[in-house]
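Order of listing sets the numbers, starting from 1, for every ligand and every atom in it. These values consider heavy atoms only, across backbone and side chains, with no hydrogens, waters or symmetry-generated copies. What you see is a predicted model; the values in this text were computed from it and never measured.
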Amino acid sequence: MKFLCADWLLTCDEDFTIIKDGAIVFDSHIVEVSTYEKLQEKYPNENIEYLGTNSCLMPGLINTHTHLEFSANKTSLKYGNFVDWLFSVITHREKLVEKATKKYIDFELKKMIQNGTTTIGAISSYGYDLESCVESPLNVVYFTEALGSKQDMIDTLFADFKAKLQTAQKYASDHFIPAVAIHSPYSTHPFLIREVLQIAKENGMAVSAHFQESKAENEWLNHSCGEFEKFFKSMLDQKSSLTTPMNFLNQFQGIKPLSFTHCVEANKQELEKIKQLGASIIHCPNSNRLLNNATLNLSYLNDIPMAMGTDGLSSNHTLNMFEEMKSALFIHNNLEPNQLAQKLLKSATSGGAKALGVQKGVLQKGYDADIISFILADEIEDQEDIAMAILLHTNSTTHTYIGGNDELHK
Ligand SMILES: [Zn+2]
């Protein structure tokens with residue numbers, strides 16, 4: 001068992017409980033969380049390691065949505081308009097995927113651990129990121145993606161999906177969890193969605209889908225017009241949308257755990273439906289900004305659980321979750337910043353765990369021992385200021401424990 005203590009311990013539980021002079025006991029799971037004083041009394045013969053002046057302990061960060069196969073993008077893709085970006089992805093896809101070698105992806109995963117991420121939701125389009133994800137000490141919920149809207153291709157697409165999923169399932173372990181992703185309502189045929197969701201249901205797998213990311217998507221799904229009209233005509237000779245936002249959402253009845261990424265264009269009824277489904281919304285603020293999509297209105301989410309993701313490097317400059325939270329702090333200028341900082345830290349920990357269906361993200365007895373520590377920039381007088389201080393001044397860790405092992409000092 002390991003014994004650690006720090007000046008501050010953030011549990012990231014529902015009430016955002018903070019323990020001053022906090023301490024934690026863990027092996028692969030968390031055994032106990034309390035004050036240093038109490039744990040010293042209980043374990044008088046153990047040496048509780050003090051992490052230093054202004055040290056802080058909290059749960060590891062959970063990046064619920066990323067696309068590792070697009071890690072090689074720096075300047076290839078067009079930003080500023082969603083449809084232009086999508087065209088540029090299609091144009092450069094092959095070259096980018098080829099460039100994102102195992103070595104390249106391994107390097108990004110290693111950086112994520114240094115930046116305090118302990119769990120990721122990896123959306124895999126081709127399966128080229130499989131080896132890296134299996135070998136990485138990170139916890140990976142590995143989403144095999146279903147994509148394709150051409151009716152006469154459905155059998156082939158479904159067979160291809162099943163083969164990829166079966167390969168992923170061979171590697172299932174405590175830290176590699178196969179799951180299912182639907183690319184989006186505009187790009188995945190409703191029949192294919194139905195079949196794929198059936199498999200997810202039978203296997204109790206987590207499911208995630210992009211939803212209502214852009215104005216173009218919203219106009220196409222509702223009225224078969226807008227910027228996507230040209231896109232679908234030229235790429236697929238398709239004249240109208242195959243589904244509506246509500247018909248799409250209805251297909252997910254009974255799926256758990258479930259998450260929808262972006263949702264910036266979702267209307268009240270659609271948000272209500274997401275809530276009814278018990279799904280989480282995954283917020284990727286940097287990606288939304290770069291593709292000039294709307295800002296997710298956090299005050300509209302009400303009781304819908306929120307998680308955070310960086311999306312891929314195809315629509316971000318970094319996979320660092322501290323950076324993502326910092327961006328969100330400045331983007332959502334309609335919310336009180338201290339409360340927002342707390343909400344973001346909860347979304348990036350316990351919120352992420354809920355979206356992916358894992359027992360992580362809270363420093364509490366029985367949870368997986370995914371724990372990070374870092375040194376705050378300076379002394380904190382009032383504990384209410386700690387969330388803001390972390391978001392402004394932290395972007396890496398001194399220790400990143402995953403399943404109880406310090407992956408930074410092996
Ligand atoms: Zn995405």
*Asks:* Need the atom name: nearest N/O/S atom of Asp311 to the Zn ion (ligand 1).
*Replies:*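 Within Asp311, restricted to N, O or S, the Zn ion (ligand 1) is closest to atom OD1.
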*Asks:* Under the side chain to side chain contact (heavy atoms under 4.5 Å, CB included) rule, what do Leu68 and Leu109 come out as? Steps first, then yes or no, please.
*Replies:* CA-CA 9 Å; Leu68 297 168; Leu109 293 176; 3.8 Å; yes
*Asks:* Under 2.8 Å from the Zn ion (ligand 1), is there any N, O or S atom belonging to His262?
*Replies:*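 No, outside the cut-off.
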*Asks:* Looking at residues at least two apart in the chain, or sitting in another chain, which of them share a salt bridge (Lys or Arg N to Asp or Glu O under 4.0 Å) with Glu229?
*Replies:*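 With neighbours one apart ignored, the set is empty.
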*Asks:* If I take the Zn ion (ligand 1) as the centre, what angle separates the NE2 atom of His67 from the NE2 atom of His65? Nearest 10 degrees is fine.
*Replies:*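 Rounded to 10°, it measures 90°.
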*Asks:* State, to 0.1 Å, how close Leu408 and Thr397 come at their nearest heavy-atom pair, and which atoms those are.
*Replies:*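 Nearest pair, atom of Leu408 first, then Thr397: CD1-OG1, 3.3 Å.
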*Asks:* Filter on ring pair (Phe, Tyr, Trp, His ring centres under 6.0 Å), then keep only pairs touching residues 126-149, sequence neighbours left out; what's left?
*Replies:*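 Checked against ring pair (Phe, Tyr, Trp, His ring centres under 6.0 Å) - neighbours excluded - the pairs reaching residues 126-149 are Tyr126-Tyr128, Tyr142-Phe176.
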